[in-house]
Number of protein chains: 2
Amino acid sequence: MEKTGQPTINDVARIAGVSKKTVSRVINRSPLLNEDTRKRVEEVIGDLGYIPNPQARALALGRNFLIGLVHDNPNAQTVMNVQQGMLEALYDTEFEMIVRPLNRGSLTMLDDLRHFLERQRPFGVLLMPPISENDVIAKLCADIGCRYVRMGSTELDSDEHMVASNDREAVRDATRHLIDLGHRRIGLVSGPHGFRSARERRLGFEDAMRDAGIALPRSMIADGDYRFESGLVAADRLLDVVPRPTAIFSCNDEMAAGVIHAACQRGLTVPRDLSVIGFDDTPIAAHMWPPLTTVRWPIATMARSAALKLIAGMTAQESDAAVSEPSLFRSTLIRRASVSAPAAE
Amino acid sequence: MEKTGQPTINDVARIAGVSKKTVSRVINRSPLLNEDTRKRVEEVIGDLGYIPNPQARALALGRNFLIGLVHDNPNAQTVMNVQQGMLEALYDTEFEMIVRPLNRGSLTMLDDLRHFLERQRPFGVLLMPPISENDVIAKLCADIGCRYVRMGSTELDSDEHMVASNDREAVRDATRHLIDLGHRRIGLVSGPHGFRSARERRLGFEDAMRDAGIALPRSMIADGDYRFESGLVAADRLLDVVPRPTAIFSCNDEMAAGVIHAACQRGLTVPRDLSVIGFDDTPIAAHMWPPLTTVRWPIATMARSAALKLIAGMTAQESDAAVSEPSLFRSTLIRRASVSAPAAE
DNA sequence: TTGTAGGCGTTATCAA
DNA sequence: TTGATAACGCCTACAA
């Protein structure tokens, strides 16, 4: 039992009257094993409550059982959803989740990541947007020899390295919903420059407006950074325009909350005076007043799928099922109370 | 350089012309080392880009460099804040954060945790409320020999194992604020049974009411579970009471959002018809309309301090500074727009 | 101040 | 189908 109190493979081998290697074979489900031997060893394992030491395995195998979540996401709920999805995939496997936030602004970001990967040598990493959009980062992972899967708003990499959503199309649909209701002056609160998702969503918005033959003056587009305050400021700008927009599409829910906040501050009523649509469908969307019409972004499902891709072929039960994890996920419009037809003028 | 491409301690030793042990001493900052030798070895380390293999160290030392975050918290923002605080403490150390959610409802929860601790053998774990309140869990950690620090709403353990906030007092102050403004019919949306924080907060509420000599009928207390929906339901019950309460204290922000939601659904205006106070000061508090008066709970700071306690004495720069991490943190009232004096009747 | 020998718990190699 | 032996990369004890 040694000093740690934990039984080791040696204890099992000795008591079962077999060699270490045989025990090892039992643990790793080797096919070439006598049934009787296996039974006997498994019994001893059960009696002793033996648990293979992950550190020792990691050393011997040259890789550990940690899946890293690398992110630099401003939205807490989004990060949590991703964590939850990952953990679902990792549940009942030998893998654990290790979280590594990165600071996009920092000059040392790349070094930080390299340092993390080289030191910790995780089995694989899940790259969250917006970091996932950076090809340099993906290349760094590849060079170091660390598996990776990127989550993104469009396909940026080969299937095995990618899980994507159809943001552009989803936003197009959402915008068309506003247009169908009769809105013509529709404002956009965009996401930050450098975010691929921001670009895709903006393109979707522009698609819909163009398709409907509606002019889109520059004054109807205000830049945001996916944070509440930026939504507030952007909405203030848009609502200053005369004539006022009758609807605003915000590139995420948090900024949409800012938009509604700004409207309330001016004494406007949503949706009577202003319709608002967000993106994400984080819990806040359903919780705010009025409940927010938004695009449901299946980020948790995507993360789960991404994690399964990462460990594909490593787990007993999944084998190649995981290889066929889907790579494209559809976002859909969730209609709630923040949208109505524009008031007659 | 071996097959992995990574240089090992052997490479460094060979090239520097010293023994492995000497290199090891350099890595671990052993005091008994010739300055020249150290310089020479460090140079080789730099040239090679050598990084000690954590798995090998973990095996040799019998412990790894993972700090676990064990939680079963319904609030995403709270969990993220804790993660952020932990990571701040772990920044620039050799420790990494590994996240382990637990399912309080599940019968296998204790086994799950035991399994996690025995398999992974984290260096230490941070226990978040509400599971941190469970003495059985703390005992399990102690028995297994895993360091732990509990975060809680009152002192549940000795200083080295505890980081606490003063919820009862903070809620007493918040409630008194309502009373001072003239409110007499004040409702309470409580937290779930079994949560120590829920109990402390409720006691604080009752303290204030009793101190002010205000009767507290059972109808003015509605049970919640810290989730939005429960706040909605609880508020509906409270607002059905005749005469209506003029203010509601909610034991967390998320439920407070539910309270405001319920009020809006009835056409009531906050704070004119109903004052609301929450607890936590999560971002949603400032983002909702009207901005929520709430109690700021310094959970990220607490988590940072807890993590520092965990690794106290393990880091070079901190040495014993971390031992003196504070154990009690004060929550304070943040006044925003969801509270006013009650309307004249 | 530095080096040698042995061990941490597991897996891989290759022979039996 | 099994087992002896040698890695894996680092650390501790003890010796020099």
Side-chain angles (χ1 to χ4, degrees), chain A residues 1-42 44-45 48-65 94 118-121 123 145 314, chain B residues 1-42 44-45 48-65 94 118-121 123 145 314:
Chain A
M1 290 279 182
E2 315 306 296
K3 55 189 172 187
T4 83
Q6 285 288 313
T8 76
I9 200 171
N10 288 306
D11 300 313
V12 177
R14 182 166 32 79
I15 296 177
V18 297
S19 76
K20 288 166 36 162
K21 184 59 203 175
T22 301
V23 179
S24 173
R25 288 203 179 91
V26 172
I27 298 171
N28 296 293
R29 296 197 177 76
S30 163
L32 1 77
L33 253 184
N34 187 315
E35 253 321 296
D36 293 346
T37 321
R38 149 168 294 140
K39 285 246 172 66
R40 188 151 39 93
V41 173
E42 279 180 342
V44 176
I45 289 181
L48 254 45
Y50 163 71
I51 298 174
N53 179 317
Q55 273 73 37
R57 300 221 314 146
L59 180 56
L61 288 168
R63 61 183 174 75
N64 61 27
F65 297 91
E94 52 201 345
E118 283 179 339
R119 276 188 61 100
Q120 213 59 35
R121 303 218 141 261
F123 176 82
M314 288 296 123
Chain B
M1 288 283 183
E2 316 304 302
K3 53 189 172 187
T4 82
Q6 284 288 312
T8 75
I9 198 172
N10 287 307
D11 300 312
V12 177
R14 181 166 32 78
I15 296 177
V18 297
S19 75
K20 287 164 40 160
K21 181 60 206 174
T22 301
V23 179
S24 171
R25 289 204 177 90
V26 173
I27 298 171
N28 296 294
R29 298 200 177 73
S30 161
L32 2 78
L33 253 185
N34 187 316
E35 252 322 296
D36 293 345
T37 321
R38 148 168 293 137
K39 284 247 171 64
R40 185 152 41 94
V41 173
E42 278 178 343
V44 176
I45 289 181
L48 255 44
Y50 163 72
I51 297 174
N53 179 318
Q55 275 73 36
R57 296 190 69 193
L59 180 57
L61 289 168
R63 61 182 175 74
N64 60 28
F65 297 92
E94 53 200 343
E118 284 179 338
R119 274 188 60 101
Q120 214 58 37
R121 304 216 141 266
F123 177 83
M314 289 295 122

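The sequence lines fix the lettering, A, B, ..., with proteins before strands; numbering per chain opens at 1. Every heavy atom of this structure was used, including side-chain atoms; hydrogens, water molecules and symmetry mates were not.
- Distance check, rounded to the nearest 0.5 Å: CD1 of A/I27 to OG1 of A/T22 gives 11.0 Å.
- With sequence neighbours excluded, the residues satisfying side-chain hydrogen bond (donor to acceptor under 3.5 Å, both in side chains) with A/R57 are A/N28, A/E94.
- OP1 or OP2 of D/dG3 lies within a sub-4.0 Å distance of a side-chain N or O belonging to A/T22.
- The nearest heavy atom of DNA chain C to A/V23 and to B/R38 marks one nucleotide each, and the one closer to the 5' end goes with B/R38.
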Below 3.5 Å between N/O atoms, which protein atoms pair up with nucleotides 14-16 of chain C? Just atom names and distances, please.
none

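- In this view, A/Y50 satisfies the ring-ring contact (aromatic ring centres under 6.0 Å, His included) rule with no residue, not counting sequence neighbours.
- The nearest heavy atom of DNA chain D to B/Q55 and to A/P31 marks one nucleotide each, and the one closer to the 5' end goes with A/P31.
- Distances shorter than 4.0 Å separate none of the side-chain N or O atoms of B/T8 from OP1 or OP2 on D/dC8.
- Rotation axes derived from the C1' atoms of the five outermost pairs at either end of the helix from C/dT1-D/dA16 to C/dA16-D/dT1 lie 30° apart, to the nearest 10°.
- Atom P of nucleotide D/dC11 and atom CG of B/N64 are separated by 14 Å, given to the nearest angstrom.
- Atom CG of B/L59 is separated from atom C1' of C/dT11 by 12 Å (rounded to the nearest Å).
- Taking 4.0 angstrom as the limit, A/S24 places none of its side-chain polar atoms (N or O) nearer than this to OP1 or OP2 of C/dT10.
- Checking C/dT11, D/dC10, D/dG3 against every side-chain atom of B/R57, the shortest atom distance belongs to D/dC10.
- In this structure, B/R29 atom CZ and D/dC10 atom P are separated by 16 Å, rounded to whole Å.
- Evaluation of atom-type donor-acceptor distances gives no pair under 3.5 Å for the side chain of A/K21 against the base of D/dA4.
- Ionic pairing of B/D36 and B/K39 is not present here: no N-O contact between side-chain nitrogen and carboxylate oxygen is shorter than 4.0 angstrom.
- Using a 4.0 Å heavy-atom criterion, one finds that B/V18 contacts the sugar-phosphate atoms exclusively.
- Rounded to a whole Å, the CG atom of B/L61 is 12 Å from the C1' atom of D/dG9.
- Under the rule for a side-chain hydrogen bond (donor to acceptor under 3.5 Å, both in side chains), A/S30 has no partner lying at least two apart in sequence or in another chain.
- Here the CD1-CD1 distance, from B/I9 to B/I45, works out to 8.0 Å after rounding to the nearest 0.5 Å.
- In terms of polar N and O atoms assigned as donor or acceptor, the side chain of A/K20 comes within less than 3.5 Å of the base of C/dT10 in a complementary pairing.
- Residues A/R121 and A/E118 share a closest heavy-atom pair of CG-O, 3.4 Å.
- Residue A/I51 contributes atom CD1, which lies 15 Å from atom C1' of C/dT10 at whole-angstrom precision.
- If you take CZ of B/R63 and C1' of D/dC10, they are 13 Å apart, rounded to a whole angstrom.
- Listed nucleotides: D/dC8, D/dT2, C/dG3. Nearest to the side chain of A/T37: D/dT2.
- Take A/R38 and apply the salt bridge (Lys or Arg N to Asp or Glu O under 4.0 Å) test, not counting sequence neighbours, and it matches A/E35.
- Using a 4.0 Å heavy-atom distance criterion, B/L33 is classed as a sugar-phosphate-only contact.
- Take B/N64 and apply the side chain to side chain contact (heavy atoms under 4.5 Å, CB included) test, not counting sequence neighbours, and it matches A/Q55, B/A58, B/L66, B/F123.
- At the phosphate of C/dT11, OP1 or OP2 sits under 4.0 Å from a side-chain N or O atom of A/N28.
- The side chain of A/N10 places no N or O atom within less than 4.0 Å of a non-bridging phosphate oxygen (OP1 or OP2) of C/dG9.
- B/A13 pairs by the side chain to side chain contact (heavy atoms under 4.5 Å, CB included) definition with B/K20, B/V23, not counting sequence neighbours.
- Counting all heavy atoms, side chain and backbone alike, A/P7 lies closest to A/L48 at CG-O, 3.5 Å.
- Protein atom CG of B/N34 is 22 Å distant from nucleotide atom P of D/dA16, rounded to whole Å.
- What separates CD1 of A/I45 from P of C/dG9 is a distance of 16 Å, to the nearest Å.
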